[in-house]
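Following: one structure in structure tokens, then a few remarks.
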Amino acid sequence: MTKTIRNRRLRYSIVMIAVIALVAVFVVRLVDIQVVQAAELNDAAKAKRSIPVTIAGTRGSIVDRDGTQLADSVSRYNITTAPRLVKDFVGKLGGSRVKNVSVDTALQALAKASGATVGAMQHVIAANPRSDFAYVAKGLDVGQYEAVTALGIPWIYAEKQAARVYPTGATTGALTGFMGTDGAQAGLEYAYDKCLAGSNGSETYERGEDGVQLPGSTVTTKKAKNGGTLETTIDSDLQYMAQQTVASAAKDLRAESATATVTNVKTGELLAVADYPTVDPNNVDGTKDKGAYGSRALTASYEPGSTIKAAIAAALIDQGKSSPTDQAVVPYSRTFPWGGTIHDSEFHPTENLTLTGILRDSSNVGITELGQRLTQQQRYDYMKAFGLFQPESAIDYPGQPSMNYGQSPNWDQQTGINSMFGQGISTTALQVASIYQTLANGGVRIPLHFVKGCQTADGKTIDAPDVQSKRVVSNAAATQVVDMLQSVVTGGTLVGMKPISGYNIAAKTGTAEVADGAKGYGSERITSVAGMAPAEDPQYVVTVTFTKPQANKWSSGAAPAFRTLMSQVLEKYRVAPSTTQARTYPSTW
């Protein structure tokens, strides 16, 4: 019996030891789970039920001078799912009665509402059937989003994002630029990206095992911040007119490219900057000419030709070296001691011309004869003061040529001569417009600009350009040159242009030869007209430029586009007609 008791006690002890050991194992495991791995397991559990959502900060708008949208952000929606939750369900599927809905039926309805294909959605879901996230449709507009939501499919979720749209399309595309998959790609979008870009925020929500969002579970972890509004000086209506005018003329002339600008004389504001060809930022891939991604008016360098002669004339008068009636004997050609030769565009016998006649007939020989009364350094300094040889300080736009020519000209003797009729030097259409704005404004240059500034989301204005004005020539010198330029229209190289009824116009033509590398100058030309109205009190400057026209290689071919655009400007802004006769000086003696 004693032996029996001992055996029972032994078995009891063994059982107790086993129980204690088992309990110890559970205790250790419990401690490991609840203490050692608690944080890690909690995070893992939370990750399975806590769904992060990015809240996009809306990119700011680009607007014209009146607030019309040139670039804007609109809501688009991506549709996501958790493939492991995709299954048949009971619901209305957008109808009026409850029914059993299979996965295939749900996907067919989803495809119809979203524009996605059933096959593509099936492929995404099948690729990783145990995952918690996959896109089934992207880029839905508001109507599509509402149609998808109305289906009531429990295992799909909407992700809101912002998409960029350009209401004025190609009309302002070269200015606004465009966005790409890697962000801002060109134009104002790129130059003012810091102003326009918003910063994303985030929030989380929890969902149950069935994938449905739990009410009241949304928590904002970071607030989104919207981008600023970029305010431009562009008049979108006038921009459209300029774009249509220059494009139509370029096609008629069979020109490779063309530009047009309209400037408010008194403020330096650019009201229109048009290019042909141009880019539609809503369909960038539709533009085959990548040179059209930006504005050639701001970025393309060319030799300005005779439009520069007005600046040389103003410098001569400002220095007291000439006057509108100053007399010169002007032959067809001129040869210099170093062997260089220049000539006028058309043969003529030796003529007795005044400075006015030299501008009227656009004589290369005449302007150099009088222009040499100034030193090469003086001519360079005046041209630079007019805005040449340097980027426009008040314009932030990618691709502008640096043109950092320094403080003195690095010209040989022949280039020093040729520069007086716009050969051997580089300008942009914008810089030529600056010359004529200065002359039209009584000799005071205002840096040309087409951005007012950026209005941030909190109401502050940043990125406003410095438009401090500077006198270049005296008021008398500028006024006399403007008066002389009226002779170009009434009896000179623009005499064939139909007058704009009721208005005195002052303008200058340019026909520049195009350099062909080591071959020198070839047969191609760049033709242009730059002018202002009304001449007695100029309000607006218009320029048009055509590169390599084939139908008419002379500046007379550019004149109709100048006249059309200037007429549109005067009518749109209701400029009062001239009340005096055009003031002209004698052209010959």
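None of these values were measured; they are calculated from a predicted model.
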Less than 4.0 Å between a side-chain N and a carboxylate O, is that true for Arg296 and Asp289?
-> yes
Could you walk me through whether Val444 and Lys470 pass the side chain to side chain contact (heavy atoms under 4.5 Å, CB included) test, one step at a time?
-> CA-CA 6 Å; Val444 177; Lys470 182 179 180 180; over 6 Å; no
May I ask you to check whether over 12 heavy atoms, not counting those of Gln377, lie within 6.0 Å of atom CD?
-> yes
For Asp318 and Tyr382, test the side chains for any donor-to-acceptor distance below 3.5 angstrom and give the result as yes or no.
-> yes
Between CD1 of Ile505 and OG1 of Thr490, what distance do you get to the nearest 0.5 Å?
-> 11.5 Å
Sub-3.5 Å donor-acceptor pair from the side chain of Glu231 to the main-chain atoms of Thr229, do we have one?
-> no
Ser345, Ser528, Ser555, Ser362 screened by side-chain hydrogen bond (donor to acceptor under 3.5 Å, both in side chains) with Ser306, the one that passes | Ser362
Just wondering, more than 12 heavy atoms not from Arg583 lying within 6.0 Å of its CZ?
-> no
Under 3.5 Å, is there a donor-acceptor pair between the side chain of Gln244 and the main chain of Met241?
-> no
Donor-acceptor contact below 3.5 Å, side chain Thr233 vs main chain Leu270 | yes
For the residue pair Ser487 and Tyr585, establish whether any side-chain heavy-atom pair is separated by less than 4.5 Å.
-> no
Closest non-hydrogen contact found for Leu359 with Ala313 is CD1-CB, 4.0 Å
Would you confirm whether Asn552, through its side chain, and Trp554, through its main-chain N or O, come within 3.5 Å as a donor-acceptor pair?
-> yes
Close side-chain approach of Asp463 and Val451, heavy atoms under 4.5 Å = no
Indicate yes or no: at least one non-hydrogen side-chain atom of Leu316 is less than 4.5 angstrom from one of Arg373.
-> yes
Would you indicate whether the side-chain heavy atoms of Gln243 and Gln239 approach each other to under 4.5 Å?
-> yes
Criterion ring-ring contact (aromatic ring centres under 6.0 Å, His included) on Phe389 and Tyr380, from CA distance to verdict | CA-CA 9 Å; Phe389 312 138; Tyr380 177 85; 5.0 Å; yes
Got a second to check how far Lys309's NZ is from Asn364's CG, nearest 0.5 Å?
-> 4.0 Å
Could you state the interatomic distance from CG (Leu374) to CD1 (Ile312), rounded to the nearest 0.5 Å?
-> 7.5 Å
Donor-acceptor pair, side chain of Glu513 and main chain of Arg525, under 3.5 angstrom | no
Between CD on residue Gln376 and CD1 on residue Ile417, distance to nearest 0.5 Å = 8.0 Å
Answer yes or no: is there an ion pair linking Arg65 with Asp237, defined by an N-O contact shorter than 4.0 Å?
-> no
Locate the shortest heavy-atom distance separating Pro534 from Ser578; write the atom from each residue and the value.
-> CB-OG, 3.7 Å
Show your working on side chain to side chain contact (heavy atoms under 4.5 Å, CB included) between Ile500 and Met566 and close with a plain yes or no.
-> CA-CA 8 Å; Ile500 299 177; Met566 179 61 86; 3.7 Å; yes
Is a salt bridge present between Lys452 and Glu269, judged by a nitrogen-to-oxygen distance below 4.0 Å?
-> no
Stepwise side chain to side chain donor-acceptor pair (under 3.5 Å) check, Glu536 with Tyr503 = CA-CA 9 Å; Glu536 63 278 4; Tyr503 294 95; over 6 Å; no
Stepwise, does the side chain to side chain donor-acceptor pair (under 3.5 Å) test hold for Thr176 with Thr172?
-> CA-CA 6 Å; Thr176 61; Thr172 54; 4.7 Å; no
Could you tell me whether Asp326 and Lys321 have a side-chain N and a carboxylate O separated by less than 4.0 Å?
-> no
Identify the heavy atoms of Ala440 and Pro538 that sit nearest to each other, and give their distance.
-> CB-CB, 3.5 Å
Can you find a heavy atom in the side chain of Tyr332 that is under 4.5 Å from one in the side chain of Val365?
-> no
Identify the two heavy atoms, one from Pro324 and one from Ile317, that lie closest to each other, and give their separation to 0.1 Å.
-> CD-CD1, 4.2 Å
Test side chain to side chain contact (heavy atoms under 4.5 Å, CB included) on Phe336 and Thr341 and set out the steps.
-> CA-CA 6 Å; Phe336 299 92; Thr341 300; over 6 Å; no
Backbone of Lys548 reached by a side-chain donor or acceptor of Gln550 within 3.5 Å | yes
Taking Asp275 for the side chain and Pro277 for the main chain, is one N or O donor matched with an acceptor at less than 3.5 Å?
-> no
State, without any angle test, whether Thr493 and Arg360 hold a side-chain donor-acceptor pair at a distance under 3.5 Å.
-> no
With side chain to side chain contact (heavy atoms under 4.5 Å, CB included) as the test, would you mind laying out the steps for Tyr405 and Gln390 before giving the verdict?
-> CA-CA 7 Å; Tyr405 280 53; Gln390 57 200 316; over 6 Å; no
Side chains of Asp412 and Thr415: is there a donor and an acceptor less than 3.5 Å apart?
-> yes
Carboxylate-amine/guanidinium contact Arg445 Glu392, below 4.0 Å | yes
Report yes if some heavy atom in the side chain of Ile62 is under 4.5 Å from a heavy atom in the side chain of Thr232; otherwise report no.
-> yes
Got a donor-acceptor contact below 3.5 angstrom from the Gln327 side chain to the Leu355 backbone?
-> no
Do you know which two heavy atoms are closest between Pro391 and Pro401, and how far apart they sit?
-> CG-O, 3.8 Å
Can any side-chain N or O of His449 pair as donor or acceptor with the backbone N or O of Pro447 at less than 3.5 Å?
-> yes
Tell me, with the steps shown, if Gln69 and Ser61 meet side chain to side chain donor-acceptor pair (under 3.5 Å).
-> CA-CA 7 Å; Gln69 302 282 349; Ser61 300; 3.1 Å; yes
Determine the minimum heavy-atom distance between Ala535 and Gln486, stating which atoms define it.
-> CB-CD, 3.4 Å
Assert yes or no for the condition that the ring centre distance of Tyr540 to Tyr573 is strictly below 6.0 Å.
-> yes
Does a sphere of radius 6.0 Å around OH in Tyr240 hold more than 12 heavy atoms from other residues, nucleotides or ligands, not counting ones at 6.0 Å or beyond?
-> no
Gap separating the CD1 atom of Ile367 from the CG atom of Asp361, nearest 0.5 angstrom | 12.0 Å
Could you tell me whether the side chain of Leu430 reaches within less than 4.5 Å of the side chain of Leu448, counting heavy atoms only?
-> yes
Do Tyr397 and Tyr190 have ring centroids that are under 6.0 Å from one another?
-> no
Show your reasoning for whether side chain to side chain donor-acceptor pair (under 3.5 Å) applies to Gln455 and Thr461.
-> CA-CA 5 Å; Gln455 196 80 15; Thr461 298; 2.9 Å; yes
Interatomic distance, Ser333 atom OG to Asp344 atom CG [nearest 0.5 angstrom] = 8.5 Å
Between Gln431 (side chain) and Thr428 (backbone), is there a donor-acceptor pair under 3.5 Å?
-> yes
With a 4.5 Å heavy-atom cut-off, do Tyr436 and Thr307 have their side chains touching?
-> yes
